[in-house]
K.L.:
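Below: one structure in C-alpha cells.
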Amino acid sequence: MSYLTDEPIDPHALVRRVMRPSDGAYVLFEGVVRNHHHGKAVESIFYDAYRPMAEKEMELIVRDVESRFPDVALAVVHRLGHLVVGDSSIAIVACSPHRAESFEACRMTIDRIKQTVPIWKKERGPDGEEWLGWQGNDGQGQC
Amino acid sequence: MSYLTDEPIDPHALVRRVMRPSDGAYVLFEGVVRNHHHGKAVESIFYDAYRPMAEKEMELIVRDVESRFPDVALAVVHRLGHLVVGDSSIAIVACSPHRAESFEACRMTIDRIKQTVPIWKKERGPDGEEWLGWQGNDGQGQC
Amino acid sequence: MRTMKVRLLFFAVLRDIAGTDMHELALSDGTTARDVWQSLRGQYAKLSDYTQPPMIAINETYATPETVLRDGDELAFIPPVAGG
Amino acid sequence: MRTMKVRLLFFAVLRDIAGTDMHELALSDGTTARDVWQSLRGQYAKLSDYTQPPMIAINETYATPETVLRDGDELAFIPPVAGG
C-alpha cells in the first residue's frame, strides 16, 4: 500500500493500517527535512512529483519488495509540497512476524524509492534555492 | 537514553525526545506481542526483569552503539508486566543526519538487547503458560 | 509524412527552464524521445550543454531514448530524482 | 572459618521454582557462584539436571561461575534472557 499526500504524515495511522495480529515487529522509517545539506544551511524543501507515475513506481516497488519478503507487509506515504526543517517527507512501515525481514524490507524500500520514483526537491536556504541533482549537484538526495 | 516502564509505550514521544534539527532520518523499531510462537497460539505475555541490572545493561548497549555510530542518537524503552497481542514491548529510535547509520544502529541495538539484558517473558496461551528459554525451549525470544 | 501529437511534460528544474509544465508537440512519424531532447536543447540555452537526455518516461513508464513515439503519447524527461 | 552474607535473587522461572524472590545466604569464605548453584540443585529437584549454571550476575554485572563471592554481594542466576 502506498500513496502521495499533501498533508502532514501520521506515521502511527500508517502502522495501524498495516499491522496484523501475527506481526511481532515493525520498522518505521521516516525521512525528515534537516537543517543542512553538503555543508549548506537548509530552511525548507519543496517536493515536486510526476504524481501518477510516482504512485505507480512506488506501488511497483512495494509489490516487488513484498514478493521478496513474503512475510512482510509494507506501507509507504510520501508527502509533497513545502516542508520545513523537522517535517517528515516520507514514512515507510514494514511489519512481519520476525524482525529481520522488517529491517531488510524497510531499507530496501527506501533505497529503491530514492533511485527511481519521479519526485524532486528544491532546497531553500539563506543562499537561495536549488533543485537537487541538476548542474553539478550530487544527485543523491540523501536523507 | 533508555529506561523501563510499566505503562504503554508512546513511540512518538520517544522520537520527539531524541530527534535533532540536523537529523534527516529516524528508524523506529517496535517489538509487538504476536498471536503465535513456534506454532503455538499466544494470548498474552508477562515481562519480568532484574530491573536495576536491565537498566544498566540497556544503557551500556546504548552508549556502545552510539560510540560506534557517532552521528546517531538512540532512545530505548522496554515495557514490563502483562501485555496482550498487539501491545508493544520495546521501542528503539535511532536518528542521524543520513539514514544508513540509523538502520544499522537500530538493528544492532535490538540484537544486543535480546542477547544480554536480563528481561524474561512468560507466554500464556490456550495450552497454559511457559517461561521462554527454559527446558527445551528455544531461548531466542525472537520478535 | 504524417504527423502525430505528443504531450511533453516538464517537472522540477525542467519546468523552471521551460517556464511551463506542458508542450503539445506535433511530430513527424519516426521521431524518438532523443530527437525531442535535441530539439529542446536548441530551444532552451540552459539545456544546450546536455548532449545526453536525462531519464525518459513515456506514458508514465521508464523508456529508452531511442523509443519511437506514437500518436497520443505522454512524454516526460525525468531530472535526477530526489525523493525520500 | 568466617562466614559472609550474600543476597541471592531469583527471577522468572527460577523464582517460580524457588517459590521466593530472595534468599539471604550465610556462606563460608571462598564460596564461588558455582558453589551456590550446586547447592540450589540439591535444594530444588527441578534444577537437579542442570549441572551447569545459567548466566551469573554479581552486583548487577555479569560474572563467571568461578568468581569468589564477597560479603554483601548480590548474586543472581540469569535464566536465558528473552527481552525485546
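Just so it is clear: chains get the letters A, B, ... in the order the sequence lines come, proteins before strands, and each one is counted from 1. Everything quoted here is computed from the prediction, not taken from an experiment.
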K.L.:
Let me know if A:C106 has heavy atoms under 4.5 Å from chain B in its side chain, its backbone, both or neither.
P.N.:
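When you check distances to chain B, atoms from both the backbone and side chain of A:C106 fall under 4.5 Å.
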K.L.:
Measure distances from A:D23 to the heavy atoms of chain B and classify the residue's part below 4.5 Å as side chain, backbone, both or neither.
P.N.:
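Contact with chain B involves the backbone of A:D23 alone.
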K.L.:
When the ring planes of A:H12 and B:H12 are compared, do they come out parallel, tilted or perpendicular, using 30° and 60° as the limits?
P.N.:
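The arrangement is perpendicular - the two ring planes meet at more than 60°.
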K.L.:
Crowded around A:R63 CZ? As in, over 12 foreign heavy atoms under 6.0 Å?
P.N.:
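It does not: A:R63 CZ has 12 such atoms or fewer within range.
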K.L.:
Tell me which one of B:V33, B:V32, B:N35 satisfies side chain to side chain contact (heavy atoms under 4.5 Å, CB included) with A:P21.
P.N.:
B:N35
K.L.:
Do A:R107 and B:R107 come close enough that some side-chain heavy atom pair is under 4.5 Å?
P.N.:
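Heavy-atom side-chain distance check fails, nothing below 4.5 Å.
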K.L.:
Can you tell which part of A:V27 gets under 4.5 Å to a heavy atom of chain B, answering side chain, backbone, both or neither?
P.N.:
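Looking at A:V27, backbone and side chain both touch chain B.
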K.L.:
Among B:G86, B:S22, B:P11, which has the most heavy-atom pairs under 4.5 Å with chain A?
P.N.:
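Result: the option with the highest number of such pairs is B:S22.
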K.L.:
What is the ring orientation for B:F103 with A:F29, classed by angle as parallel under 30°, tilted 30 to 60°, or perpendicular over 60°?
P.N.:
parallel
K.L.:
Answer yes or no: is there a side-chain heavy-atom contact under 4.5 Å between B:R34 and A:M19?
P.N.:
no
